[in-house]
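What you are looking at is a predicted structure, and each value in this text was computed from that prediction instead of being measured. Chain naming here is simple, since letters A, B, ... match the order of the sequence lines and numbering starts at 1 in each.
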Amino acid sequence: MSHSAIQNSPANAAETATMPAPEQSGKGPELPARKPRRSFLPYGLIMPAVILEVLIHIGPMILGVWIAFISLNQLNLTNWLNAPFVGLQNFVNGLNPESTIGQAFFSTVGRTMLYTVTVVGFSWILGMAGAVFLSSNFKGRAILRTFFLVPYALPAYVGTIAWAFMFNQRDGAVNQILVDTLHLFGDERPFWLLGGNSFGAMIMVNIWQLWPFAFLMLMAALQNVPNDVYEAAAIDGATLWQQFRTITLPMVQPANGVLLLVMSLWTFNQFNIPFVLFGAASPKEATLVSPLIYQNSFGSWNFGLGGAMSVLLLIALFIASIFYIRMVLPKGGDND
Amino acid sequence: MKNPLKVLTALAATATMALGLSACGGGSPQATTDTITYWASDQGNSLDDTAAKLKPSLDRFTEKTGIKVQLEVIGWTDLYNRILTAVTSGDGPDVLNIGNTWAVTLQETGAFEPVEGALLEAVGGKDRFLQTSWATGGAEGKTPTSVPLYGLAYNMYYNTKMFKEAGIEKAPVTWQEFVETAKKLTKDTNGDGKPDQWGFTAAGASVSANSHQAFIRGLQNGGTLFDADGKPTFDSEAQVAGVKQFIDLMATDKVMSPSDAEISQGSQKIDNLINGKAAMLFDQSPVKNFEARGFTDWGVASIPMMEAGATGDVSTQSHVAGINLSVFKNSKNKENAIKLAGFLTSDEEQVALNKAYRSLPVVNGASSDAAFQTEEVKAKRDALANHALPMPLIAKEGQMETLTGTAIKNLFAKAATGTVSESDIQAALKDANNQMAAAQ
């Protein structure tokens, strides 16, 4: 009886793990002797994972944070352990709103936020529409489902480089359709990868690549919504929109929370798409945070500054994620 | 240890730890002494073409010395970062090619073997080399850490058929003549009211090519990228004037297609010339592309100057372009690596390689070969010997190229999508200047 009570409370469960349970006295004498050996096994079991985690994840992360506080450039790259410690100098340089670098950083962060909201918003809407559309049974459903997933299945590089060719001003497919065939823009061939248009083009490519993921996740979530709920609602006279708002949305809420978080983090850190579309230096109008950090680190070999920007990004995303997880995601234990 | 699970766990933990430790050590200790690794830059029409042209030389080297060479040809977009990674980890090839404008930056890392002692002896001493090229090996007053391998210089190449059609008999000499000629060659051939044939083409999105023009056009207008104290002067009046001349080709002279603002590869502008879409271009070695495409209607001339017959810095037509060779200090096969450096810079191999890649031999003993007596090679040699200065030999050269080249790339983008005023150019160069100054 007391046993089941203990199981429900994690604190007590931990206690029982370290204490030999007095109730199990049936097996008497061997128990005290087992005590020291017993404590090694769980640690030994997780040791390989911990070591690998430290080596692959934690180590480089700490190193990255440390780089933000030193002056690391080509002069001391080979001997980076002895690079001079400069305290917060890199942060001051990167954050000073008066300086060219600081201005670029702040405007880039703002632009990246706008980018993230737009890309994630549209991807979610498209994914949701696709999932709802395909949740009803009709002929050709399987084909459409496969078709929708193609952008997600293609290697990101291949998809993006195809877009780069299509957006080419002189002989790209986009201008061939819009200008040569449809005669839009008064026969003026717009540039899609230069100037202001480049931001929109990059958003297009990212939505194209991201929305199948939202579609896949939401489709899985929708399959857990029992059909009789809809039937009951229909009998009560609920319109399709009402069904969507009061049944579908609340039912997929837990999946939605995680989905939006993951998509936002991916999009905020987006690097591949601008790098393949524009090369090492993005147009000013389309520079995101990750390419900016790359430009500062590798374009100018100023690893300290790149490191400082990365640390700021890490902290900002960390705080935003914690806030989001506490506010939006279901709390473990409360509802299950 | 009766419990098999425990044994397994302990084993796994030990194995993981050992794996981690060996990963930290880096490099393979069992490198055999009869094989060395060589990173070559892409000098041919493609990575495969470069490797194929290099192979006979490397085979001769193996035959002569018994040393095998493991070759990797690395494209220009990756080479710098690959070297950077090798420098950081200390785990790189034994011998490698570098763009000679990076020589000082890479020298500062201390990762390359100084050219003295055995290495200097192997390459036969400084006096064998073209002195302008030798000067790019490292910072002034320091022992160089790279030796010249292939010599290159900017020339102007033009489509002779298009010249003939437009009734142009001789290539322009001054900048003004050049712009006028380019205007004559810019025309609407299909009657839609818009030009589809252009006088000039350039890779407007190529950061390094743009930075070379900032350097050359600046000097021709009496400017420099750095003053005597080493402070950046990207936005000086003369520099702005020089960059403006280049941007104006698209922005106001309208002799360069707006589409060029998207070209990032030099080969694309060469295609424009071959296809008759543009009549003139500046390049270091397009002949191998011409030959690969079977294109023969091309001519060569010097890069236009502000005044005919100018001398001194204002007569600069090119930077001292080329490829240098370095030996990695961490090489476990240094002796053999040095042998390869000596071999590739020998007179015979200089003739063979530079003939294959259409570049200029960097040693005096090879220049007299019949292959290097063509008009094109002579023009290149004249530019290199009499009208070329090395790009600034400073540690932050790479950053200077990135900043000036990107500023010009963005200005071309602006010209293609709207208009560019002198104050736009001034502002862009000032921005680049501030970033350069902040990083110093």
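Interface residue B:K277: only side-chain heavy atoms are found under 4.5 Å from chain A. For chain A, the nearby part of B:L106 is the side chain; its heavy atoms alone come within less than 4.5 Å. Contact annotation for A:N197: neither backbone nor side-chain heavy atoms come within less than 4.5 Å of a heavy atom of chain B.
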Would you be so kind as to tabulate the donor-acceptor pairs closer than 3.5 Å made by side chains of residues 154-162 of chain A, with sequence neighbours excluded?
residue : atom : partner : partner atom : Å
A:T160  : OG1  : A:A156  : O            : 2.7
A:T160  : OG1  : A:Q209  : NE2          : 3.4

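In plain terms, the two heavy atoms of A:F167 and B:E262 that are nearest each other are O-OE2, 4.3 Å. Of all non-hydrogen atoms in B:N410 and A:P283, the two that sit nearest each other are OD1-CA, 4.4 Å. Contact between B:K409 and A:A281 at its shortest, heavy atoms only, is NZ-O, 2.8 Å.
Between the CD atom in A:Q169 and the CD1 atom in B:I263 there is a gap of 10.0 Å [rounded to 0.5 Å]. How far CG of A:L305 is from CD of B:Q435: 9.5 Å, rounded to the nearest 0.5 Å.
Listed options B:G90, B:S264, B:A395, B:G110 were ranked by heavy-atom pairs under 4.5 angstrom with chain A; first place goes to B:A395. Interface check for chain A: of the options B:L403, B:T88, B:V207, B:N434, the most heavy-atom pairs under 4.5 Å are formed by B:T88. Comparing B:T406, B:L84, B:N81 by heavy-atom pairs within less than 4.5 Å of chain A, the highest count is held by B:L84. Counting heavy-atom pairs under 4.5 Å between each of B:P258, B:A205, B:S257 and chain A puts B:P258 at the top.
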Item to complete: Start with the C-alpha distance between B:D431 and A:Q103, add both sets of side-chain angles, then the distance that settles side-chain contact (heavy atoms from CB on, under 4.5 Å), and finish with yes or no.
Response: CA-CA 11 Å; B:D431 234 29; A:Q103 278 168 7; 5.8 Å; no
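Counting non-hydrogen atoms of other residues, nucleotides and ligands closer than 6.0 Å to NZ of B:K430 gives a total of 12 or fewer. In the displayed structure, A:F165 atom CZ is contacted under 6.0 Å by at most 12 heavy atoms of other residues, nucleotides or ligands.
Residues passing the side-chain hydrogen bond (donor to acceptor under 3.5 Å, both in side chains) test with B:S421 are B:S423, B:D424, sequence neighbours excluded.
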